[in-house]
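Written below as structure tokens is the structure these notes are about.
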Amino acid sequence: MGRHNTIAGRKAAQDSKRAAVFTKYARLITVAAKAGGDPDYNPSLRTAIDKAKAAGLPNDNITRAIKKGTGELEGESYEELTFEGYGAGGVAIFIEAATDNRNRTAADVRHLFDKFNGSLGTSGSVTYMFDYKGVVIVVKNDKATEDAVMMTALDSGADDVINDEDCFEVVCKPELIHAVGKAFEEGGYEITSSEVQYVPQNTLTLDRDRAISINKLIVALDDLDDVQNVYSNADLSVLDEEE
């Protein structure tokens, strides 16, 4: 009896989390589709659809979300909001949200900043520390050498290639994200993500305690149903190190 209840409870929790993820991505698609329902001409929508498919959102749900955004179907009216603030150690945090209740979302975000010893700032207080860019992540392997990735990046109009430990970050203008991602897909490269995001101009190195606190804040913010993306300039690599 106890074992069965434990499994049933775990499954219910997993189903609930899955439903929340589906709701978040459907909302992201609906908001993006306001600028047009064709992903070939709407990079934000293409990115939202790619994220939703990666999370397992069914095609029927994706189609309904697009139609809600374009007005073909009635549905909730979502307002896009951004929040800016600072976490422990002066870490800059920028949040994108989509909500049907501005007051609820603002209260939820403020509560989490207070809980984790941060402070919610005013508009423009941290955005100047970030650049809005397209980023394609290419997995390193025998085919994806630095020279080969650099050549494909330049041919597709990308601005830069950053050589990380196990991947390459191909950086481009936001409007070119689809073209650059497609160039690498057609070139047979393994891509783990292709999206437009806010990239910090510089990162802030933290000690382990502050890194743990910032990570908890970021995870808590990301778990809010209304929050779509959370960006920070924190270098959390210390969390990957063994104690």
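For the numbers below, each heavy atom of this structure counts, side chains included, while hydrogens, waters and symmetry mates do not. Computed from a predicted model, the values in this text were never measured in an experiment.
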Nearest 0.5 Å, what's the [atom1]-[atom2] distance between [X] and [Y]?
| X | Y | atom1 | atom2 | value |
| --- | --- | --- | --- | --- |
| Leu236 | Ile214 | CG | CD1 | 8.0 Å |
| Ser194 | Lys182 | OG | NZ | 12.5 Å |
| Ile137 | Asp164 | CD1 | CG | 7.0 Å |
| Asn61 | Ile29 | CG | CD1 | 8.5 Å |
| Tyr132 | Gln197 | OH | CD | 10.0 Å |
| Ile218 | Leu112 | CD1 | CG | 12.0 Å |

Does [X] reach the main-chain N or O of [Y] with its side chain, forming a donor-acceptor pair under 3.5 Å?
| X | Y | result |
| --- | --- | --- |
| Ser213 | Asp209 | no |
| Lys68 | Ala26 | no |
| Lys143 | Ala148 | no |
| Thr30 | Ala65 | yes |
| Asn233 | Ala92 | yes |
| Glu80 | Ala32 | no |
| Asn101 | Asn103 | yes |
| Glu84 | Ser125 | yes |
| Asn117 | Ala88 | no |
| Arg46 | His178 | no |

(request) Might you point out which heavy atoms bring Ala144 and Phe168 nearest each other, and give the distance in Å? (result)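 Here Ala144 and Phe168 meet closest at O-CE1, 3.2 Å.
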(request) Would you name the heavy atoms of Thr47 and Glu195 that are closest together and state the gap between them? (result)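 Closest heavy-atom pair between Thr47 and Glu195: CG2-CB, 3.4 Å.
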(message) Do Asp147 and Thr145 pair up side chain to side chain, a donor and an acceptor below 3.5 Å, judged on atom types alone?
(response)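 Thr145 and Asp147 do not have a side-chain donor-acceptor pair below 3.5 Å.
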(request) Could you list the residues that satisfy side-chain hydrogen bond (donor to acceptor under 3.5 Å, both in side chains) with Lys140, not counting sequence neighbours? (result)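 Checked Lys140 against side-chain hydrogen bond (donor to acceptor under 3.5 Å, both in side chains); matches are Asn163.
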(message) As a test of understanding, state which of Glu79, Arg104, Gln228 forms a side chain to side chain donor-acceptor pair (under 3.5 Å) with Thr99.
(response)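 Only one option passes, and that is Arg104.
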Path from [X] to [Y] over hydrophobic side-chain contacts below 4.5 Å:
| X | Y | answer |
| --- | --- | --- |
| Val135 | Val180 | no |
| Leu206 | Leu217 | yes |
| Ile162 | Leu154 | no |
| Ile212 | Val230 | yes |
| Leu239 | Phe116 | yes |

(request) May I ask you to check whether over 12 heavy atoms, not counting those of Asn202, lie within 6.0 Å of atom CG? (result)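 Result for CG/Asn202: open.
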(message) Would you say CD of Glu74 has more than 12 non-hydrogen atoms from neighbouring residues, nucleotides or ligands within 6.0 angstrom?
(response)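 Atom CD in Glu74 is not crowded, with 12 or fewer foreign heavy atoms closer than 6.0 Å.
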(message) Do the side chains of Asp114 and Arg110 get close enough for a salt bridge, i.e. N-O under 4.0 angstrom?
(response)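 Salt bridge absent between Asp114 and Arg110.
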(message) Walk me through whether Lys133 and Asp160 qualify under side chain to side chain contact (heavy atoms under 4.5 Å, CB included).
(response) CA-CA 11 Å; Lys133 296 180 178 180; Asp160 193 15; over 6 Å; no
(request) Determine, step by step, whether Lys53 and Asn59 satisfy the side chain to side chain contact (heavy atoms under 4.5 Å, CB included) criterion, reporting the C-alpha distance in whole Å, the side-chain angles of both residues, the deciding distance to 0.1 Å, and the verdict. (result) CA-CA 8 Å; Lys53 286 184 175 179; Asn59 288 332; 3.9 Å; yes
(request) Take Leu221 and Phe83, measure what side chain to side chain contact (heavy atoms under 4.5 Å, CB included) needs, and give me the verdict at the end. (result) CA-CA 11 Å; Leu221 287 167; Phe83 298 93; over 6 Å; no
(request) State, with a plain yes or no, whether a side-chain heavy atom of Val161 is found less than 4.5 Å away from one of Glu146. (result)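 A side-chain contact under 4.5 Å is absent here.
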(message) Parallel, tilted or perpendicular, judged at 30° and 60°: which one describes the rings of Phe94 and Phe130?
(response)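 Geometry flag for Phe130 against Phe94: tilted rings.
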(request) Walk me through it: do Asp159 and Leu176 pass the test side chain to side chain contact (heavy atoms under 4.5 Å, CB included)? (result) CA-CA 10 Å; Asp159 297 325; Leu176 293 180; over 6 Å; no
